[in-house]
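When a residue number appears, it is its place in the shown sequence, counting from 1. In this text the structure is predicted, and so the values were computed from the model without any measurement.
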Amino acid sequence: MKKEYFKIRFLDDVVLLKNSNTQAGGQNLDYISGTVFLGLVARYYDEFEDPFKIFHSSSVRFGEAKPFFNAKEFYKIPYSFYAPKLNKDKAYNIHLVDVLDPSIISMQLQQIRSGYINEELEVYEIPYVYTQKSSKDPETGASKKGGMFGYSAIESGIEWIFSVCFDDDVAQVEREKVISHLLGHHHIGKSKTSQYGRVVIEKYDNFTQNIEQEITGEVDYLYLKSSLALFNEQGFASYMLDRYNLKLDQAAIIWEKTQIRTREFTPFNFKRQNNDYSRLVIEQGSVIALKNLTQEEAKRIKQGLGGFLSEGYGEILINPKFLLKKEFTLKKASLKKHEQIQKDLTQNKLCNYLSHQASLEKSQTSNLQIVQDFIQKHQKSFLGVSNSQWGQIRMLTQLCHQEEFLDKVIEQITTANAQFQWKSGSKDLLDFISKYGKENTRLLAVLMPKINTRNDNV
């Protein structure tokens, strides 16, 4: 199996929700699901020779994206990490401490349920920004009653890392298609047609980060790097851990050292515009303790557990370094790189805006000169054209597409009521439209009546 790594950077704030509900304040995801990347490639479904292999067989696995700073991948804080109620900087690995020890009990340890860590136990919290919006009443222009809504979005500027795994039997041509469709600018998340969701994806070569330790055969820990969806022997979705769905022969689960969190959600299939079946998911960051784990069992586990592997589910780390310390201090991650990205992004937006405004002003000046030259040369041909006729031309510039605009103008100026007014100027007008297009014609229809009115007054 070959693994390719990619970096994704948020150019806008991005709204990622845990479910497809639009009411009752949906909760935010703090990672990017592999479904997002699969969907970006699936837009080109028919281009692949064997789309079933690419999208449905788990031969290609689109991994979940995690925060990425200073060339380090961050992982969801394990649910076995607990902190004293009055000291959140210090943490304990609950499966390595004696929970009946009076000194431990007195600390009132609480489970840490949010945030990410790297292998050096630096902590990172996903930054969110909340925006309140309101629908407008088209008649009054005021806020529409009951139309107030808001989004909590992940801030722009953050970098993430994800991988795509290809089985050896996936053709090189198919791999290159997947990679090419992933690279570049995309929109992800909710409200993509508004101000949210713009991202850029680029390839990230030569990335290695091995934080797993050798199995001991005594007590080993499975850390869920991604979500896990299990099925029992009858094929039904299940939260229940057992030897069948964990691919175990000899090893046994140590329940008192296992820490998991679960959720249920119903994914929405955009292609079919309908909901799929509900999924029972054990969340990433969960920890499963095993005893008597063998090398053969570990190899099977590393190949992926459960279902929906093509969407990044079922990726497991065995004995990661950060799970093997009893107590430690949680340090805040240094995010100078992230802050610089935010600064560069702001500067780029400002430069792009100023450049656009300068180009717009230059274009408008050029167009104005074209129209003024035409008026000076052909004004006498349009002296008999009324202001209402020019108003009709202005209306056509707003209602018609470029390809149908000329035909609509011909239809307008050849009507019985208008034909006499346009008799001397129709050829000049149609030549102007053919040469300079709809936008310049709109400007001509605004200025010509003013020039004629001014001359009449003189």
Side-chain angles (χ1 to χ4, degrees), residues 3 5 30-32 63-84 87-99 104 107 109-126 158-163 207-228 241 246 253-254 256-261 282-291 293 298 301-302 304-305 312-335 337-338:
K3 183 178 285 190
Y5 285 94
D30 56 0
Y31 64 94
I32 309 173
E64 297 177 347
K66 306 295 191 299
F68 186 69
F69 296 113
N70 303 326
K72 295 177 184 175
E73 182 177 6
F74 281 69
Y75 305 89
K76 181 72 176 176
I77 285 186
Y79 290 126
S80 61
F81 282 14
Y82 283 66
N87 183 10
K88 299 299 183 182
D89 293 331
K90 192 168 185 179
Y92 292 83
N93 222 333
I94 198 68
H95 57 231
L96 296 179
V97 300
D98 182 2
V99 294
I104 297 295
M107 294 181 190
L109 297 180
Q110 296 178 331
Q111 190 179 53
I112 305 174
R113 297 183 178 178
S114 65
Y116 282 80
I117 60 167
N118 59 20
E119 58 183 309
E120 297 175 0
L121 297 173
E122 294 178 320
V123 179
Y124 172 67
E125 292 283 351
I126 302 291
I158 299 179
E159 287 189 345
W160 308 71
I161 190 167
F162 71 96
S163 63
F207 175 74
T208 55
Q209 190 169 8
N210 185 16
I211 65 169
E212 295 178 279
Q213 304 294 300
E214 294 292 330
I215 67 170
T216 65
E218 297 176 1
V219 179
D220 294 287
Y221 299 98
L222 308 184
Y223 168 81
L224 272 57
K225 186 181 178 184
S226 67
S227 307
L228 177 62
L241 304 171
L246 293 183
I253 300 169
I254 308 175
E256 62 272 19
K257 293 181 180 293
T258 295
Q259 298 281 331
I260 67 171
R261 287 182 64 82
I282 300 176
E283 294 190 334
Q284 58 174 278
S286 297
V287 178
I288 303 169
L290 301 175
K291 63 180 178 182
L293 181 67
I301 289 171
K302 290 297 295 179
L305 294 179
Y313 282 54
E315 187 174 359
I316 308 295
L317 298 181
I318 301 177
N319 293 335
K321 294 177 183 177
F322 51 75
L323 273 185
L324 304 181
K325 291 186 178 181
K326 180 179 179 180
E327 58 181 273
F328 42 86
T329 300
L330 294 174
K331 303 171 290 183
K332 203 164 188 178
S334 174
L335 301 180
K337 185 174 180 181
H338 168 57

K.L.:
Strictly under 6.0 Å, is that where the ring centroids of Phe322 and Tyr223 end up?
P.N.:
yes
K.L.:
With side-chain contact (heavy atoms from CB on, under 4.5 Å) as the test, would you mind laying out the steps for Lys76 and Leu224 before giving the verdict?
P.N.:
CA-CA 9 Å; Lys76 181 72 176 176; Leu224 272 57; over 6 Å; no
K.L.:
Are any non-hydrogen side-chain atoms of Ile260 and Val287 less than 4.5 angstrom apart?
P.N.:
no
K.L.:
Given Glu122 and Lys332, is the salt bridge (charged side-chain N to carboxylate O under 4.0 Å, His left out) satisfied, shown in steps?
P.N.:
CA-CA 5 Å; Glu122 294 178 320; Lys332 203 164 188 178; over 6 Å; no
K.L.:
Any chance you could lay out the side-chain contact (heavy atoms from CB on, under 4.5 Å) test for Leu330 and Lys90, step after step, and finish with the verdict?
P.N.:
CA-CA 6 Å; Leu330 294 174; Lys90 192 168 185 179; over 6 Å; no
K.L.:
Closer than 4.0 angstrom, basic N to acidic O: yes or no for Glu120 and Lys72?
P.N.:
yes
K.L.:
Show me the pairs that pass salt bridge (charged side-chain N to carboxylate O under 4.0 Å, His left out) and involve residues 209-226, at least two apart or across chains.
P.N.:
Glu73-Lys225, Glu212-Lys302, Lys225-Glu315
K.L.:
Suppose we screen for side-chain contact (heavy atoms from CB on, under 4.5 Å). Which residues come up paired with Ala289, at least two apart in sequence or across chains?
P.N.:
Tyr221, Ile254, Lys257, Thr258
K.L.:
Less than 6.0 Å separating the ring centroids of Tyr75 and Tyr124?
P.N.:
no
K.L.:
Grab the two heavy atoms, one from Pro320 and one from Leu324, that are nearest each other, plus how far apart they are.
P.N.:
O-CG, 3.6 Å
K.L.:
Return the set of residues passing ring pair (Phe, Tyr, Trp, His ring centres under 6.0 Å) with Tyr92 (not counting sequence neighbours), or none when no residue passes.
P.N.:
none
K.L.:
Any side-chain heavy-atom pair from Ile211 and Leu317 closer than 4.5 angstrom?
P.N.:
yes
K.L.:
Sequence neighbours excluded, which residues qualify as ring pair (Phe, Tyr, Trp, His ring centres under 6.0 Å) partners of Tyr82?
P.N.:
none
K.L.:
Out of curiosity, Ile318 CD1 to Leu222 CG, how far, rounded to the nearest 0.5 Å?
P.N.:
6.0 Å
K.L.:
Is it true that a side-chain atom of Gln111 and a backbone atom of Tyr79 form a donor plus acceptor pair closer than 3.5 Å?
P.N.:
yes
K.L.:
My understanding is that only residues two or more places apart in sequence, or in another chain, count here; which of them pass salt bridge (charged side-chain N to carboxylate O under 4.0 Å, His left out) with Lys321?
P.N.:
Glu119
K.L.:
For Ile215 and Asn319, which heavy atoms make the closest approach, and how far apart are they?
P.N.:
CA-ND2, 3.6 Å
K.L.:
Is Asn70 close to Asn118 at the side-chain level, that is, under 4.5 Å between some pair of heavy atoms?
P.N.:
no
K.L.:
With rounding to the nearest 0.5 Å, note down the distance linking CD1 in Ile282 to CG in Leu228.
P.N.:
5.0 Å
K.L.:
So, for Ile117 and Phe81, which heavy atoms are closest and what is the spacing to 0.1 Å?
P.N.:
CD1-CE2, 3.7 Å
K.L.:
Can you tell whether the side chains of Glu64 and Lys66 come within less than 4.0 Å, N to carboxylate O?
P.N.:
yes
K.L.:
Partners of Ser163 by side-chain contact (heavy atoms from CB on, under 4.5 Å), sequence neighbours excluded?
P.N.:
Lys3, Tyr5, Cys165
K.L.:
Indicate whether the side chain of Thr329 and that of Asp89 have a donor and an acceptor atom separated by less than 3.5 Å.
P.N.:
no
K.L.:
At their closest point, which heavy atom of Ser114 faces which heavy atom of Ile77, and how far apart are they?
P.N.:
O-CD1, 3.5 Å
K.L.:
Are Ile104 and Asp98 close enough that some pair of their side-chain heavy atoms sits under 4.5 Å apart?
P.N.:
no
K.L.:
Keeping Ser226 on the side-chain end and Gly312 on the backbone end, is there a donor-acceptor pair under 3.5 Å?
P.N.:
yes
K.L.:
Looking only at atom types and distance, does a side-chain atom of Ser286 sit under 3.5 Å from a main-chain N or O of Arg261, one as donor and one as acceptor?
P.N.:
yes
K.L.:
Which pair of heavy atoms, one from Phe69 and one from Ile158, lies closest together, and at what distance?
P.N.:
CZ-CG2, 3.9 Å
K.L.:
Checking side chain to side chain donor-acceptor pair (under 3.5 Å) for the pair Ser227/Tyr31: CA distance, chi angles, key distance, verdict?
P.N.:
CA-CA 11 Å; Ser227 307; Tyr31 64 94; 3.3 Å; yes
K.L.:
Taking all atoms of both residues into account, what is the closest heavy-atom pair of Asn93 and Leu323, and its distance?
P.N.:
ND2-O, 2.9 Å
K.L.:
What do the steps show when you test Leu246 against Ile301 for side-chain contact (heavy atoms from CB on, under 4.5 Å), and what is the final call?
P.N.:
CA-CA 7 Å; Leu246 293 183; Ile301 289 171; 5.7 Å; no
